[in-house]
Amino acid sequence: MSQQGYVATPPYSQPQPGIGALSPPLRGHYGDPSHSAPPSGIMKPAGPLGPMPPVGALPPGPPNSGAHQFGQNGPNISGFPQQRFPGPPPVNNATPPYPPSSHLPPASYPNPVSSSATTQLGHQLGAMQIHNYGQPPGPGYPPQQGPGMASGSPGIPSPPSGASFQGPPQMPQPAILQPGPRMLPPPPSTHNGLGTGPTLPPASRQDGLPGSGPPTANFPSLPLPGQPPGPGYPPQQGANYGPPQMPGAPLTSPPGFPGGPAQMAGPMQPPKKLDPDSIPSPIQVIENDRSTRSGQVYATNIRGQVPPLVTTDCMIQDQGNASPRYIRCTTYCFPTTSDMAKQSQLPLAAIIKPFATVPPNEVPLYLVNHGESGPVRCNRCKAYMCPFMQFIEGGRKYQCGFCNCVNDVPPFYFQHLDHVGRRLDHYERPELSLGSYEYVATLDYCRNNKAPSPPAYIFMIDVSYSNVKNGLVRLICEELKTILENLPKEEQEETSAIRVGFVTYNKVLHFFNVKSNLAQPQMMVVTDVSEVFVPLLDGFLVNYQEAKAVIHNLLDQIPEIFADSNENETVFAPVVQAGMEALKAAECPGKLYIFHSSLPTAEAPGKLKNRDDRKLINTDKEKTLFQPQSNVYETLAKDCVASGCCVNLFLFPSQYVDVASVGLVTLQTGGTLYKYNSFQKHLDSMTFLNDLRNDVQKITGFDAIMRVRTSTGFRATQFFGAIYMNNTTDVEMAAMDCDKAVTVEFKHDDKLNEDTGALIQCAVLYTTISGQRRLRLHNIGLNCSSQLADLYKSCETDALINFFAKSAFMAVLTQPLKMVRDILVHQTAHMLACYRKNCASPSAISQLILPDAMKVFPVYMNSLLKNCVLLSKPEISMDERAYQRQLVLSMDVADTQLFFYPQLIPIHTMDVNSESLPAAIRCSEERLSEGGVFLLANGLRMFLWLGGSAPPELIQGIFNVPSFAHINTDVTSLPEVGSPYSQKLRLTINNIQQKKPYSMKLMIVKQREQPEVHFRQFLVEDKGLCGGASYVDFLCCVHKEICQLLS
Ligand SMILES: [Zn+2]
């Protein structure tokens, strides 16, 4: 394999850059790449992350075969000056970037995210009354200003432009909903701090305060007026979706909730209308974080630090922990014991996106090459060298941060320590000073000890009648000519190393020989689809640039060859099988791009029948609709993963295609599923082509296997994502692209140590687009605490929702949907009740108190509960539900945030002369206005909603028509009008789109016209049209359950 890539780019040798002047990507190498033989003594299991040299069998370190050293003691790469890795500079001059030990005492970490006081929501049964208090931190509660936080009023954003459409000005924080005096019903709709409620001490943050009782204390008996004291509430085992373990009736959701129309039941009277402005607003939380943290440099030098929200733009600097672009956690402080974890029911999870793209102003990953010695690893637990390893005995040994084993430093890796015990080359080696970096893998990490071949892409086009008829086949063939010119390649390479191949199919398969020396492409038909084989090897997978003429010839001919085809039936599993066999025969990993339209009903393995059975909806059998109807697909997925074959599926269904079955192969091979319902060339081409272009060009790791290691006391127990698991530890992905995230849940198996924290190392072994085998490492250290309050203040709501969405969407395969929803509601109440009980100041039970870092958790959770995967809606097909389920399973935190709380922008308040956008508004109908125009995006869909009396000049500016009535809604893109409005709006749409993995189809919706119903389901704070509670109702429901738990 070519090693040129390793030396072609500027090597590691910049001086330490200052902030804002980061060095360009450095992909230098440290050693002589011309090694080929594996070090003797290393056993090589094919399974990658596993190639674990037996203890003591580390290569004896060929007495400095020179090349693998670098830095001060090592020989230089000939021709290059002394390489110096620009170690991360300190963020603040005042503090060194690293303490001598990476273990910071927990007390030293600031919590910049949440500085305002705990949110309190008071709720008196039967009568709600709201007061807003802009209160200072109470006595004894020091203000928790994070670094860089404006010292003014972090909780009070300036009213956004267009505030007139947003109702009253946003409330100052903390939001407190106080009950009115219980005995004296307050005057209706009194708010804004008239002081009728009891003035409780402000429940500010509990930082530093011990919990109010021992962690195992029972919930107190605080009888609610009119309610008998309930039984004690036993801690529920995490979200295991087993049978509910809650005792009895008091804890079940009120009738009709959340499955049906929201209504309060039981002892609760229908509440008076609660002012939506006084319940926590996601928009305000987003804006607050932006105002305090955007545009800043976020350095990862502090363990357990809560990063900026996913919605905040800032520059991230790796100083020893992985960037939040790669890893986010549900909480950055783990409880020390499993009892505490059970008590709080906060899931302990990390959302890992190993191939995340980083913006151009951040440094890409450094590549470390130890030559044939390979990466330095702990003898016992096999963790890779990282900042969590502690060097001792003058640098001759190091103690592993994960298993505490003391290892000898391999001779080639020896370095002296400085006066604080840090290696002198600390800042010259990425693996000692950075949270994320890559290693060049040795042959031990390759299949069959052989360097891999570059991957191949196989394009497989369904040429059945409807696809030819609607122009799709021609469209794909035309587009491929452009796409193939832009196959991904390493920066330093002239052309892409990826080979390409072509197959068409209906109920038989056609393979094409496109060898460069042919005058014409040759077609070979495989009619036996029961046991498909690849009829040609030579000439099937070719280098595009070499065979361009033949390929173009083929792409011109395909639409003609099948122009008169009347074949309606298709096969599917044999297509995947054929692609996989071709990759296997070529001994390379790769991706299949399958363009498919119909239910595969032709006689063949994986033949499917239409089972779109609405009778099963809302029954215990509904879960079967999410399962594949034939086990052929599971077997196929397993075989594909074993061959490094990733299946990307582009579906163009006009009716049921059984996404749950055909999509499974895609899901389990790390592929992406795209779906264009009732594809119409003039409306849907752009969306599809953008997706296709984007997908082909994505940075991808092939034939990947991921292992998550942890320090002692806890371990990874569950994995969710577009992954395949053959055992309990190795996460296999035929490919993993830059948009895929794996959510990992952790459980205790012992007590955690507050001093050493909880350390996580994620290693992904993969093959690059040019066929190099590499290891990508991401390390992160979290804090541990025996105080529940520390957990709650280190939470990240967006990450929690990602975890809950994925775990629930996995659970729908095996559990009735109602049970899944109930468990989500119970766990929400339980987490909040535990906080209330153990962390909040004493207050009336009728107050709902939310931890600051989780104050918008309920609105997101309610949106999740209303999602069509968990709640069937008549207008949404089973295929659509299976599709959304699959997409969410591989989403990262930013994607689930937007998906469950869409961005809604008042376009009419847009200042065309300003760079910035109007602040988003809350997703509720009452935030819309007749005179406005609003843009809504959730990552899959985009809507432009036009109020009935939108200003004509705005309509003219956007659509170039004189009035509302003239607007043509049968379009999926906006015309280029040339007006400032038009330009700014189209730019805005592009910007929103750009960061997202799926191309969002735009729909123009006029107020009070029928298609509005599609738009309204995204107004997630409102009651669902076909069930699903409003935010306010959900909050009441959760509060009721909390009261029951506490009573
Ligand atoms: Zn170890």
Side-chain angles (χ1 to χ4, degrees), residues 39 41-43 45 47-59 61 101-103 303 320-322 327 334 350 352 368 370 373-393 395-415 417 421-423 426 429-437 439 441-442 444-445 705-717 727-731 744 746-753 755-765 775-782 784:
I42 295 195
M43 299 176 37
L49 290 199
M52 302 162 173
V55 175
L58 275 175
S101 149
S102 61
H103 307 314
R303 193 183 79 195
N321 287 288
I327 303 184
F334 278 12
I352 307 177
V368 180
H370 290 332
S373 300
V376 179
R377 304 178 69 175
C378 170
N379 286 330
R380 186 194 287 160
C381 73
K382 307 302 169 195
Y384 295 85
M385 180 52 64
C386 70
F388 305 141
M389 304 298 188
Q390 189 77 46
F391 288 86
I392 52 177
E393 293 188 21
R396 288 187 304 278
K397 293 181 188 290
Y398 68 94
Q399 182 169 26
C400 174
F402 298 94
C403 72
N404 300 323
C405 173
V406 174
N407 296 273
D408 290 333
V409 172
F412 85 88
Y413 201 66
F414 175 79
Q415 177 59 274
L417 307 184
R422 189 160 54 194
R423 281 172 62 120
H426 182 86
R429 291 189 179 267
E431 75 276 21
L432 297 181
S433 51
L434 295 181
S436 301
Y437 45 88
Y439 268 121
T442 57
D444 306 310
Y445 297 84
I705 185 162
M706 177 171 117
R707 173 75 74 85
V708 177
R709 290 183 172 82
T710 53
S711 52
T712 54
F714 75 113
R715 67 198 152 86
T717 54
N727 56 43
T728 54
T729 53
D730 292 327
V731 182
V744 184
F746 302 99
K747 288 271 194 307
H748 287 77
D749 44 26
D750 204 349
K751 198 169 184 301
L752 299 180
N753 185 320
D755 293 333
T756 53
L759 311 179
I760 298 169
Q761 179 175 79
C762 166
V764 183
L765 177 62
L775 279 150
R776 180 169 283 217
L777 273 298
H778 296 298
N779 302 284
I780 190 168
L782 307 177
C784 296

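Just follow the structure's listing: the first ligand is 1, and inside any ligand the first atom is 1. The first residue in the sequence is number 1, and the count goes up from there.
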Given the rule in the side chain to side chain contact (heavy atoms under 4.5 Å, CB included) test, do Y384 and R709 qualify, once you have shown the distances and angles that lead to the verdict?
CA-CA 10 Å; Y384 295 85; R709 290 183 172 82; 3.8 Å; yes
Measuring to the Zn ion (ligand 1), does C405 have an N/O/S atom at a distance below 2.8 Å?
no
Examine distances only and state if a side-chain atom of N321 and a backbone atom of G781 form a donor-acceptor pair shorter than 3.5 Å.
yes
Calculate the angle formed at the Zn ion (ligand 1) by SG in C378 and SG in C400; 10° precision is enough.
110°
With the Zn ion (ligand 1) at the center, what angle do SG from C381 and SG from C403 span, rounded to 10 degrees?
110°
Please determine whether ring-ring contact (aromatic ring centres under 6.0 Å, His included) holds for the pair H370 and Y413, giving the CA-CA distance in whole Å, both sets of side-chain angles, and the decisive distance to 0.1 Å.
CA-CA 9 Å; H370 290 332; Y413 201 66; 5.3 Å; yes
Would you call D408-R396 a salt bridge at under 4.0 Å N-O?
no
